[in-house]
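What follows is a single structure, written as structure tokens, with notes after it.
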Amino acid sequence: MTQHVNLPTHNKGHILDLICCTDITPTNLDVIDFPISDHKAVLFDIHTQLHKTKEQRTISFRNIKLINTTDLSTLISSYPNPPPASSLTDLVTHYNNCLSSSLTTLAPLKTRSVSFTHTAPWFTPHLRQLKATGFRLERLYSKTQLTVHRQMYSDHLHDYKNALTTAKTSYYSNLINTGTGNSRVLFSTVSHLLQPPKSLPPDISTTQCTAFLDFFSSKINTIHQQLASSRTPSDDPPWMITSGQPLISSLSDFTLVTEQTVSELIRKAKTTTCQLDPLPTSLVKACLPSISPMITNIINSSLTTGTVPPTLKLAAITPILKKPGADPTDLNHYRPISNLPFISKTLERVVAAQLQSHLDTHYLHEPFQSGFRPKHSTETALVKITNDLLLAADSGLLTILVLLDLSAAFDTISHPLLLDRLAGIGITGAALSWFTSYLTGRQQFVQLSNHKSGCSGVSLGVPQGSVLGPLLFTTYLLPLGTLLRHHGVHFHCYADDTQVYISTKPTAAIPPTSLITCLEEIRSWLSRNFLKLNGNKTEALLIGSKSTLTKSQHTPAPLIIIDGFPVPFSSKVKSLGVILDNTLSFAPHIHNITRTAFFHLRNIARLRPSLTQSSAEILVHSFVTSRIDYCNALLTGLPTKLINRLQIIQNSAARIITRTKSSDHITPVLIQLHWLPVHYRIQYKTLLLTYKALHNLAPSYLCDLLQEYSPSRSLRSTSAGLLCIPTSRLTSMGARSFSCSAPRLWNSLPPHIKQSDTISTFKSQLKTHLFKLAHNV
């Protein structure tokens, strides 16, 4: 800053009054005598803008909330039905025209020029009126200085503060309750309340949309061309060929659906709307009786003709940042998510259900593929993997775990090869023609805000964000399981996340030759199928007990080379959201949970004064409890000091919800909230998986880990529903595996809980039982 006064400002000749400015230069500066003070008056001029500018923008909107659903249904039903011989394209056009015309009639598009000022969203007109009244009473008291006016102003100020608190609480609670059950919406809401995220480039324009579209297209085409140039002409070996095998029956024609079936699918679907939809999905559900006949007619026409109209193959691409906090100006940090019309997703759900039924009936699924399958989850996959790793470590073996990474796996799939896979599993006739039509002629565009790019053709991959995409991808990868089994290595897949592991003696060569050969054949097969194995992001982990790791004399230099990239052994890797370390202690994983959970607890604590207890509990369950419970079946048998770290998180969350002091005892608070402590939550999850495995509600690879106890002679325990407990050598390894810990916990349950008829009854009785054990009530 610069000081501009260089003349005496005091009658004694001193410079006591200063003018310090930055970026502003005063003019006409003068110092004059001021009779009533020993200081002089300093006069000057500055040139600056003091008026407040308002951002003006023209917006277009529809008053959707004012639409009467009864009037909308009546209007839709009044449109004449299309001719019986109408083509599928005509049916879709009729559907879009009816709904869009009805929407325009009841909620016409309006345009308005508005001024935006940065005010709190919860600051209502009523609060603004109260604030003005407060100013008026304050001026009245300042003028009269009467006690009665002072009391009036004080009382009004108290009421105004209460009204502010009530308005904020109501606003935040409504926002949170709207996103109940959807963690993504809740996370976005809380992030926006605390600090609005910048997830898109600052300058959004049509040019930017085109740049996104060109970037996504060129990235996939570049990968495809690289794979095509390095692709060897050799075919798969005979033992890998799965097509042409005899099946009980093939799926040549899809079964037509009824209006009731379509209505049930629509009711269960999420209320999300694509910009290509002629009517918001919420209104479609509200007027389902009048709309479902049209949708059913379109779906059945598509299934009968084996075609998908071009309108339903157009996707709106939304760029999504891969990681929070990434640079939004770098296009490499985005992934494309396809937004498809609601009717297109409904059609895909019908086809996916019948394709899933065909795969289940003929046992065509890869048993160790847990991605996007009923009864399967990331937790069941990790329970199986860690069970194998713990048992191998318990036997004194070292296990090498390799986590393979594929580049843009969903986007580089070859359509001809995918159709060959479908034909190989018995998809023929009109059904195969439907999939051919579904994959060919697809188009996409990028839309950001009100800006939109042109359309571009899609000749590779399955659309991310579609219903059929994940199921088609797992079908595409079916031969990979045959390859891995041929080399005798263990593996597990979750969509494109493939984990390969093999156990060996500490004195043997690490890694074994069989693993190196297997990884090279995996890379070769993926390349032949236009899937790029990213060796730069592939990770490896050496797992065993502490003594075994100490005895092993493996070479520290990386010996695993994938696609020219060395893969060194890491001290820890992240698999399906869980951090695994060399001894499977899960200490790094618990540390990561603790750090993340307290970050969210601090944010919730900032909002807590403006939240009701129920809203605060919703946030805690979505951001904190969900992290404590995620894959917590893996934490069975861990030392108490590690579990206590998670318990501290739960205690802090309970104090925030109930506003309990840190000096108060926490057990009454947990009892009041009816929460199980973390140790018992782990037992609850393990026992729940056990119940599912015993009643065929879990994957077959978990069911195979449990065996019923059957003594050689008749005993009272024969009918007690007990399980065999395998012997283990180490408490820190084998005893923690699911195949050992699950039977031990199951056998300790009272008989009436183990004999529960339904899973809901089992959950209720199990929680009551564990709650009594935890709190001695």
Report task. Under the side-chain hydrogen bond (donor to acceptor under 3.5 Å, both in side chains) rule, what do T271 and S282 come out as? Steps first, then yes or no, please. Result -> CA-CA 6 Å; T271 312; S282 58; over 6 Å; no
Report task. Let me see the working for F586 and T386 under side-chain contact (heavy atoms from CB on, under 4.5 Å), right down to the final yes or no. Result -> CA-CA 11 Å; F586 293 103; T386 55; 4.2 Å; yes
Requested in this report: Might you work through the side-chain hydrogen bond (donor to acceptor under 3.5 Å, both in side chains) test for T761 and S764, ending with a clear yes or no?
Outcome: CA-CA 5 Å; T761 303; S764 176; over 6 Å; no
Query raised in the report: Checking side-chain contact (heavy atoms from CB on, under 4.5 Å) for the pair L635/L646: CA distance, chi angles, key distance, verdict?
Result: CA-CA 11 Å; L635 310 181; L646 300 179; 3.7 Å; yes
Requested in this report: Show the numbers, then the answer: is there a side-chain hydrogen bond (donor to acceptor under 3.5 Å, both in side chains) between S615 and T612?
Outcome: CA-CA 5 Å; S615 299; T612 61; 3.0 Å; yes
Requested in this report: With side-chain contact (heavy atoms from CB on, under 4.5 Å) as the test, would you mind laying out the steps for S545 and L730 before giving the verdict?
Outcome: CA-CA 9 Å; S545 63; L730 300 175; 4.1 Å; yes
Requested in this report: Begin from the C-alpha positions of L722 and E708 and carry the test side-chain contact (heavy atoms from CB on, under 4.5 Å) through to its verdict.
Outcome: CA-CA 6 Å; L722 302 179; E708 294 186 2; over 6 Å; no
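Side-chain contact between H621 and S626 is absent, with no heavy-atom pair separated by less than 4.5 Å. Side-chain contact between L689 and T380 is present, with heavy atoms from C-beta onward closer than 4.5 Å. A 4.5 Å side-chain heavy-atom check between I657 and L673 finds at least one atom pair inside the cut-off. Between K572 and L580, the closest side-chain pair of non-hydrogen atoms is not below 4.5 Å. With a 4.5 Å cut-off on side-chain heavy atoms, P677 and Q647 count as touching. Side-chain contact between Q499 and H490 is absent, with no heavy atoms from C-beta onward closer than 4.5 Å. Side-chain contact between R645 and L642 is present, with heavy atoms from C-beta onward closer than 4.5 Å. Using a 4.5 Å heavy-atom cutoff, the side chains of F135 and K131 are in contact.
A donor-acceptor pair is defined here as one N or O able to donate and one able to accept, closer than 3.5 Å; such a pair exists between the side chain of S377 and the backbone of E379. Not one N or O on the side chain of S170 forms a donor-acceptor pair closer than 3.5 Å with the backbone of A167. K285 places a side-chain N or O within 3.5 Å of a backbone atom of A269 that can act as its donor or acceptor partner. Checked by atom type and distance alone, the side chain of S622 never pairs as donor or acceptor with a backbone atom of L619 at under 3.5 Å. Counting only distance, with no hydrogens or angles, the side chain of Q369 and the backbone of G371 share a donor-acceptor pair below 3.5 Å. The main-chain N or O of V573 is never found under 3.5 Å from a side-chain atom of S570 such that the two would form a donor-acceptor pair. At least one donor-acceptor pair under 3.5 Å links the side chain of N387 to the backbone N or O of S739. Looking only at distances, a side-chain donor or acceptor of T658 sits under 3.5 Å from a matching main-chain atom of A654. The backbone N or O of A132 sits nowhere less than 3.5 Å from a side-chain atom of R136 that would complete a donor-acceptor pair. Checking side-chain atoms of H376 against main-chain N and O of P374 turns up a donor-acceptor pair under 3.5 Å.
You'll find the ring centres of Y701 and H492 inside the 6.0 Å limit. Taking the ring centroids of F762 and Y691, they lie under the 6.0 Å cut-off. A centroid separation of less than 6.0 Å is found between the aromatic rings of F771 and H775. F623 has its ring centre less than 6.0 Å from the ring centre of H600.
With 3.5 Å as the limit, one finds a donor-acceptor pair spanning the side chains of D581 and S585. Using modelled atom types, one finds no donor on one side chain facing an acceptor on the other under 3.5 Å when comparing D394 with S728. For the residue pair Q683/H679, the side-chain donor-acceptor check at 3.5 Å is satisfied.
Applying the side-chain contact (heavy atoms from CB on, under 4.5 Å) criterion to N592, with sequence neighbours excluded, gives I579, R595, T596. H365 meets the side chain to side chain donor-acceptor pair (under 3.5 Å) test with Q356, D360; sequence neighbours excluded. For T124, there are no side chain to side chain donor-acceptor pair (under 3.5 Å) partners at least two apart in sequence or on another chain. Checked against side-chain contact (heavy atoms from CB on, under 4.5 Å), H333 has the following partners two or more places apart in sequence or in another chain: L321, A326, D327, D330. K692 meets the salt bridge (Lys or Arg N to Asp or Glu O under 4.0 Å) test with no other residue; sequence neighbours excluded.
Taking the six-membered ring for Trp and thresholds of 30 and 60 degrees, H156 and Y160 have nearly parallel ring planes, at less than 30 degrees apart. Note: F368 and F491 have perpendicular aromatic rings, judged against thresholds of 30 and 60 degrees for the angle between ring planes.
Here the closest heavy-atom approach between residue L398 and residue G544 is recorded as CD2-CA, 4.1 Å. Of all the heavy atoms in F569 and L542, the pair that sits closest is CD2-N, 4.0 Å. What you find for G396 and T548 is that their closest heavy atoms are O-CG2, 3.7 Å.
Around NE2 of H674, the count of heavy atoms belonging to other residues, nucleotides or ligands within 6.0 Å exceeds 12. Within 6.0 Å of NE2 on H695 lie more than 12 heavy atoms contributed by other residues, nucleotides or ligands. Summarising the local packing, NZ of K767 is surrounded by more than 12 heavy atoms from other residues, nucleotides or ligands at distances under 6.0 Å. Within a 6.0 Å sphere centred on CZ of R655, heavy atoms belonging to other residues, nucleotides or ligands number more than 12. Enclosure of atom CD in Q707 is not indicated, since only 12 or fewer non-hydrogen atoms of other residues, nucleotides or ligands lie within 6.0 angstrom. Remark: H752 NE2 is packed, more than 12 non-hydrogen atoms of other residues, nucleotides or ligands lying under 6.0 Å away.
Put simply, CZ on R608 and CG on L601 are 12.5 Å apart, with the number rounded to the nearest 0.5 Å. Atom-to-atom distance recorded for I648:CD1 and T594:OG1 is 8.0 Å, nearest 0.5 angstrom. Expressed to the nearest 0.5 Å, how far OH of Y684 lies from CZ of R681 amounts to 9.5 Å. Interatomic distance, CG of L766 versus CG of L687, reported as 5.5 Å (0.5 Å rounding). The distance from the CG atom of L705 to the CZ atom of F738 is 6.5 Å, given to the nearest 0.5 Å. Annotation: the span from I682 atom CD1 to L676 atom CG amounts to 11.5 Å, rounded to 0.5 Å.
Residues in residues 631-644 take part in these side-chain hydrogen bond (donor to acceptor under 3.5 Å, both in side chains) pairs, two or more places apart or across chains: N632-K685, T636-T686.
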